[in-house]
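Sequence positions, counted from 1, serve as the residue numbers for this chain.
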Amino acid sequence: MERGNGTLVTEFVFLGFSSLAGLQRLLFVAFLPLYLFTLGTNATIVSTIVLDRALHAPMYFFLAVLSCSETCYTFVIVPKMLVDLLAQKKTISFLGCAIQMFSFLFLGCSHSFLLAAMGYDRYVAICNPLRYTVLMGHGVCVGLVAAACACGFTIAQIITSVVFHLPFRTSNQLHHFFCDIAPVLTVASHHTYLSQIVIVMLCALVLVIPLSLILVSYIHIISAILQLPSTLGRYKAFSTCASHLIVVTIHYGCASFIYLRLKSNYSSSRDALISVSYTILTPLFNPLIYSLRNKEFKSALRRAAGKTISLPRC
């Protein structure tokens with residue numbers, strides 16, 4: 001890609017935290033423990049689900065995949081951000097920027113479809129409990145995860161190709177802390193309105209299709225819950241869905257605000273602040289929401305902790 005003077009744009013410069021120059025070391029001190037805690041929490045969830053046979057059920061299989069996905073998602077963005085908080089020159093190569101965009105789009109889009117699969121799992125568990133083990137067998141669960149990844153891969157590949165085939169001649173300075181779609185489009189020297197529409201439409205499909213599937217699942221779930229005779233039964237049925245609903249609300253709320261807009265509506269400072277929430281805080285809250293609200297998982301975690309403590313020391 002060429003700039004106005006004919007030289008190649010070989011790297012981009014991040015300016016996401018340039019207005020907070022005096023606070024960058026403090027931000028590093030604040031973000032690093034949160035990131036390490038997120039990694040530790042997700043690792044605990046995955047290992048507990050793998051080791052405890054009582055958790056070898058579809059709901060926990062999807063939760064383990066979700067935890068792995070969020071770990072990879074944060075790994076794509078947060079380590080580079082932490083390094084840049086301590087670095088004088090905050091740069092990323094042109095190819096590295098494309099790889100980062102593809103990776104987080106792939107994981108983010110897959111995450112959306114995975115949430116839809118988890119909604120379907122709750123629908124089957126509540127509306128068809130007698131056929132649950134048949135309808136949600138291991139092959140079905142693996143197939144749903146594979147389909148989510150395939151959709152995420154395809155959409156991420158198309159969007160990344162559209163963005164990085166644009167000419168970059170005017171500037172290589174990104175007013176963000178990672179290679180998100182809007183800030184990269186902002187520094188492109190020329191692109192058609194059609195390219196913006198294609199990107200917005202693909203982002204809309206990633207959000208609208210899974211969210212529609214989730215809404216359909218919950219319409220049936222709510223209908224089934226309301227038909228239960230006892231208040232306690234309705235409460236227990238709804239409590240199994242509450243964690244999923246909270247995560248869905250957070251995920252789709254942030255994603256809709258960021259990605260369902262054209263370039264003209266882009267605000268670097270506002271979007272950077274929202275991006276911090278869904279790259280650092282949301283991956284931190286999601287495993288806590290699922291683990292703290294789930295009695296079965298907490299029991300399994302206590303059993304795993306008890307086994308670890310009781311192991312003989314050499």
Side-chain angles (χ1 to χ4, degrees), residues 58-59 61-63 65-67 69-70 73 104-129 131-132 135-137 139-160 162 180-182 194 196-227 234 237-262 265 274-275 277-278 282-283 285-286 289-290 293:
M59 182 177 72
F61 170 76
F62 289 124
L63 178 56
V65 174
L66 184 70
S67 295
S69 173
E70 291 192 331
Y73 182 87
F104 90 80
L105 283 176
F106 163 59
L107 293 166
C109 295
S110 301
H111 188 98
S112 291
F113 288 101
L114 181 61
L115 289 176
M118 296 175 76
Y120 175 72
D121 170 70
R122 292 298 83 206
Y123 157 74
V124 176
I126 293 174
C127 299
N128 295 281
R131 302 183 59 198
Y132 180 70
L135 295 175
M136 296 301 298
V140 175
C141 295
V142 173
L144 289 172
V145 172
C149 292
C151 292
F153 180 89
T154 302
I155 293 171
Q157 186 177 43
I158 295 172
I159 293 178
T160 305
V162 170
D180 207 349
I181 298 173
L194 178 61
Q196 292 188 63
I197 293 297
V198 169
I199 292 171
V200 172
M201 289 298 294
L202 287 173
C203 291
L205 288 176
V206 171
L207 296 173
V208 172
I209 292 178
L211 185 57
S212 297
L213 295 173
I214 291 171
L215 290 175
V216 170
S217 296
Y218 273 100
I219 288 173
H220 288 88
I221 287 171
I222 293 172
S223 178
I225 290 176
L226 293 177
Q227 294 177 16
R234 290 194 292 268
F238 184 77
S239 65
T240 64
C241 306
S243 298
H244 180 252
L245 282 173
I246 295 172
V247 172
V248 165
T249 302
I250 295 173
H251 173 77
Y252 285 98
C254 292
S256 298
F257 180 82
I258 293 292
Y259 296 109
L260 296 186
R261 294 172 300 151
L262 298 178
N265 295 322
I274 298 296
S275 297
S277 70
Y278 72 76
T282 301
F285 292 150
N286 287 356
I289 290 169
Y290 272 105
R293 290 183 59 87

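The distance from the CD1 atom of Ile199 to the CG atom of Leu202 is 8.0 Å, given to the nearest 0.5 Å. The SG atom of Cys141 sits 10.5 Å away from the CG atom of Leu135 when rounded to the nearest 0.5 Å. Separation of atoms CG (Leu213) and OH (Tyr123) is listed at 12.5 Å; rounding is to 0.5 Å. In this structure, Ile209 CD1 and Cys109 SG are separated by 11.0 Å, a value rounded to the nearest 0.5 Å. Of the inter-residue distances, the one linking Ser110 atom OG with Leu105 atom CG reads 10.0 Å to the nearest 0.5 angstrom. To the nearest 0.5 Å, the span separating CD on Gln196 from CE on Met201 amounts to 14.0 Å.
Contact of the Cys203 side chain with the Ile181 side chain is registered, since non-hydrogen atoms from C-beta on lie closer than 4.5 Å. Residues Val248 and Leu211 form a side-chain contact, since some pair of their non-hydrogen atoms from C-beta on lies under 4.5 Å apart. Considering only heavy atoms from C-beta on, Leu115 comes within 4.5 Å of Met118 through its side chain. Contact annotation: the side chain of Ile221 approaches that of Arg122 to within less than 4.5 Å [non-hydrogen atoms, C-beta and beyond]. Looking at heavy atoms from C-beta onward, Phe106 lies out of side-chain contact with Thr160 at the 4.5 angstrom threshold. Side-chain atoms of Phe62 and Asp121, non-hydrogen and from C-beta on, do get closer than 4.5 Å to each other. Between Leu144 and Met136 there is a side-chain heavy-atom pair separated by less than 4.5 Å. Side-chain contact between Cys149 and Phe113 is absent, with no heavy atoms from C-beta onward closer than 4.5 Å.
Taking every heavy atom of both residues into account, Ile126 and Ala224 meet most closely at CG2-CB, 4.2 Å. Across Cys127 and Pro129, no two heavy atoms sit closer than the pair C-CD, 3.4 Å.
The closest donor-acceptor contact from the side chain of Ser223 to the backbone of Ile219 lies at 3.5 Å or more, if one exists at all. Under a 3.5 Å cut-off, the side chain of Tyr252 and the backbone N or O of Ser112 do form a donor-acceptor pair. In terms of modelled atom types and a separation under 3.5 Å, the side chain of Thr154 and the main chain of Ala150 share a donor-acceptor contact.
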Carefully, step by step, assess Val145 and Phe61 under the rule side chain to side chain contact (heavy atoms under 4.5 Å, CB included).
CA-CA 10 Å; Val145 172; Phe61 170 76; 3.7 Å; yes

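In this structure, Tyr218 has its ring center under 6.0 Å from that of His244.
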